[in-house]
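Worksheet: the structure to be examined is printed underneath.
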Amino acid sequence: MSHGFKITAALWDKIHHFASFPQTGVSLQQMVLFGQNPSQGTLLKASQFLSEELPVRLAHRVKELDELPHNLSAMPSIERVKNWYAQSFDELIKFPPLPTLSPDIRRLLFSPPSVASSNPEHQLPSSTPNPSLEHMLLVDDIANKNFPTSLDGSGSGGSLASGSMGFYGGVNGSTAGWAIGNGNGNGNGNGNGNGAAVEGFNKLKLRVPMERRYYAAPLSANISWPPEVPDYNKRFTRMLETIKTRHDPTVTTVAQGVLEWKRSQRARHIGLDMQQWLDRFYLSRIGIRFLIGQHIALNTQESHRDYVGIICTNANVHDIIEEAIENARFVCEEHYALFSSPPVQLICPNNLTFPYVPGHLSHIIFELLKNSLRAVVERHGVGNEDNFPPIKVIVVEGKEDITIKISDEGGGIPRSAMGLIWTYMYTTMKLGPGEGLDEGFRDSDFKAPMAGFGYGLPLSRLYARYFGGDLRLISMDGFGTDVYIHLNRLSSSREPLP
């Protein structure tokens with residue numbers, strides 16, 4: 001678990017350099033179109049995208065973990081997470097480059113879109129700004145100044161030349177061809193893409209608004225790819241699997257770090273600045289794990305009619321919610337030793353489908369239903385098992401959104417507490433002074449380890465916002481709570497990248 005990994009001065013230089021570049025958001029729609037029936041060449045282009053994008057995202061997080069306010073960076077668990085991110089960054093930038101390919105294969109892989117294909121149908125559609133950016137205070141990072149800060153795209157500085165796909169050039173070299181400059185796509189692996197090179201990690205501050213780049217269009221499956229290409233894809237995927245496993249306990253370890261800080265400061269709640277950092281950090285984690293999980297699935301799973309990687313192109317909303325209801329009721333019955341938990345009524349068209357990641361939606365519904373079930377049981381009493389009022393889940397399809405409303409009669413939330421419900425570590429569950437999270441806990445986010453640690457609601461909102469949706473809560477104190485989940489059915493919003 002990289003307990004012995006230390007960040008050297010040379011590695012810090014590389015981290016700060018990569019952190020000076022903005023991150024690149026992709027949309028669900030782009031990833032679906034790109035990953036349908038992928039050839040080995042298409043998978044190689046995805047590998048190259050990740051070999052450049054993931055170090056940038058990881059570098060942003062390492063830098064931020066090292067600069068946290070109120071001495072939070074000094075907490076042992078936060079140090080541990082920082083070292084995990086730095087080790088993964090180090091492995092990515094040191095990954096062996098692709099062996100030399102023939103000129104014809106290189107032309108197919110790395111030519112700008114206008115050369116590789118003149119058919120506009122072979123180009124991926126542009127993504128749209130994520131409305132979640134309107135709700136979030138992003139980190140004050142110079143590299144992110146180029147990001148659009150409003151829905152009309154204003155606030156975006158700088159521009160890329162027409163050959164902005166040049167970041168795929170130069171895979172033979174030690175830097176995967178970071179051709180920054182006029183964007184003509186001629187990176188030769190030594191960083192000589194008619195622009196400045198990342199080779200040597202020079203100190204020149206290059207901030208190109210790379211959020212305008214996106215996955216290149218997929219390549220034909222009829223091309224005979226040399227054995228070096230699938231071999232590279234397999235080795236890169238194995239490395240990503242190692243990185244993904246290393247970061248499995250990140251959510252719980254950061255939570256433990258915040259608990260360590262609260263105890264050291266004798267603080268009851270965390271401040272707004274720490275809350276905003278946790279939002280940024282966990283949202284970034286969702287994105288990193290999504291990109292890695294999608295790439296691993298494309299490389300290792302058999303093709304399925306309704307799936308592109310981990311994205312289900314026809315996710316059945318009724319079936320996903322039904323399964324989440326069963327799981328949440330089971331947990332409730334186990335926790336309270338009930339024969340039957342409060343009933344849940346689902347009103348949803350049986351054939352409502354849209355492209356989404358089923359695991360994300362299942363996680364959101366499960367966490368919210370746990371809250372509602374617990375509120376109903378504790379308001380009406382365990383002994384009133386036969387008379388629990390039902391929880392209602394209503395799903396409606398609109399032109400832009402699929403909206404899910406979860407209504408309970410669990411007594412609601414007082415107005416004085418509404419400002420705290422989105423706060424990490426805020427919970428009504430009582431914890432003893434010595435209680436914390438098991439340091440060896442290694443389950444994923446979807447194993448619901450956070451009961452009682454106040455993570456269910458804020459994390460669920462981040463999952464909803466990741467693809468351009470949102471989560472809102474309205475309480476009627478003394479009666480119950482309505483939670484609205486808005487899901488972007490158009491799938492065109494790019495990731496919100498803090």
Side-chain angles (χ1 to χ4, degrees), residues 1-7 50-51 53-55 57-62 64-65 75-92 95 234-260 277-301 309-311 324 327 331 357-364 366-367 370 424-425 435-456 458-460 462-463 466 495 498:
M1 287 304 297
S2 70
H3 287 303
F5 186 83
K6 298 296 181 184
I7 306 177
L50 293 185
S51 71
E53 177 61 19
L54 289 177
R57 297 197 185 191
L58 292 170
H60 277 266
R61 301 286 73 84
V62 176
E64 197 171 31
L65 282 163
M75 297 300 106
S77 294
I78 300 298
E79 284 272 0
R80 187 177 304 123
V81 172
K82 181 177 71 176
N83 287 335
W84 291 343
Y85 273 70
Q87 183 176 4
S88 298
F89 170 87
D90 190 48
E91 290 172 358
L92 280 161
F95 186 74
K234 288 178 183 177
R235 289 187 291 111
F236 190 77
T237 301
R238 282 198 298 269
M239 179 185 62
L240 290 184
E241 289 172 334
T242 300
I243 290 174
K244 188 170 186 287
T245 301
R246 175 183 300 127
H247 292 262
D248 278 347
T250 294
V251 171
T252 48
T253 308
V254 170
Q256 185 66 47
V258 176
L259 283 176
E260 291 165 0
W277 168 70
L278 287 167
D279 268 344
R280 294 194 301 268
F281 181 81
Y282 286 135
L283 191 64
S284 173
R285 169 183 161 79
I286 291 171
I288 290 170
R289 288 184 74 81
F290 173 67
L291 290 180
I292 290 177
Q294 176 72 0
H295 190 80
I296 291 173
L298 287 176
N299 278 272
T300 60
Q301 293 181 2
I310 60 174
I311 303 167
N327 292 338
V331 170
V357 181
H360 286 196
L361 180 55
S362 176
H363 177 74
I364 295 168
F366 175 72
E367 287 294 333
K370 271 200 315 177
Y424 296 93
M425 317 305 293
E435 290 187 84
L437 296 175
D438 178 7
E439 291 187 8
F441 189 87
R442 295 181 53 80
D443 281 353
S444 71
D445 297 355
F446 301 129
K447 299 300 183 182
M450 306 307 296
F453 287 89
Y455 268 60
L459 274 184
S460 294
L462 293 184
Y463 275 105
Y466 180 67
E495 306 163 272

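- Judged as a salt bridge (Lys or Arg N to Asp or Glu O under 4.0 Å), and not counting sequence neighbours, Lys244 has no contacts.
- Heavy-atom minimum distance, Pro55 versus Leu92: CG-CB, 3.9 Å.
- Note: Asn299 CG to Phe236 CZ = 9.5 Å, rounded to the nearest 0.5 Å.
- Distance check: Ser284 OG to Arg61 CZ gives 4.0 Å after rounding to the nearest 0.5 Å.
- Tyr463 contributes atom OH, which lies 10.0 Å from atom CG of Leu283 (distance to the nearest 0.5 angstrom).
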| query | So His247 and Ser88, side-chain hydrogen bond (donor to acceptor under 3.5 Å, both in side chains) or not? Walk me through it. | reply | CA-CA 9 Å; His247 292 262; Ser88 298; 2.7 Å; yes

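- Closest heavy-atom contact between Ser77 and Gln256: OG-CG, 3.5 Å.
- Atom CE of Met239 is separated from atom OG of Ser51 by 8.0 Å, given to the nearest 0.5 angstrom.
- Shown here for Ser362 and Ala324, the closest heavy-atom pair between the two residues is O-CB, 4.1 Å.
- Of the residues Val254, Val251, Val81, the one that meets the side-chain contact (heavy atoms from CB on, under 4.5 Å) test with Arg285 is Val251.
- When side chains are defined from C-beta on, Phe95 counts as touching Arg235, because their heavy atoms get closer than 4.5 Å.
- When all heavy atoms of Gly257 and Met75 are compared, the closest pair comes out as O-CG, 3.7 Å.
- Annotation: side-chain contact (heavy atoms from CB on, under 4.5 Å) contacts of Pro458 (sequence neighbours excluded): Tyr424.
- Smallest separation of non-hydrogen atoms from Gln301 and Gly309: OE1-O, 3.7 Å.
- Between Ile292 and Leu54 there is a side-chain heavy-atom pair separated by less than 4.5 Å.
- Inter-residue side-chain proximity for Phe366 and His363 is flagged as unmet; no heavy-atom pair is nearer than 4.5 Å.
- Residues passing the side-chain contact (heavy atoms from CB on, under 4.5 Å) test with Glu241, sequence neighbours excluded: Thr237, Arg238, Ile296, Thr300.
- Counting heavy atoms from C-beta outward, Leu65 and Trp277 have side chains that approach closer than 4.5 Å.
- Atom CD in Glu91 sits 10.0 Å away from atom CG in Leu240 (nearest 0.5 Å).
- Between Pro249 and Thr245, the closest heavy-atom pair is CD-O, 4.1 Å.
- Legend: residues meeting side-chain contact (heavy atoms from CB on, under 4.5 Å) with Val357, ordered by chain and number and at least two apart, are Leu28, Phe290, Ile310, Ile311, His360, Phe467.
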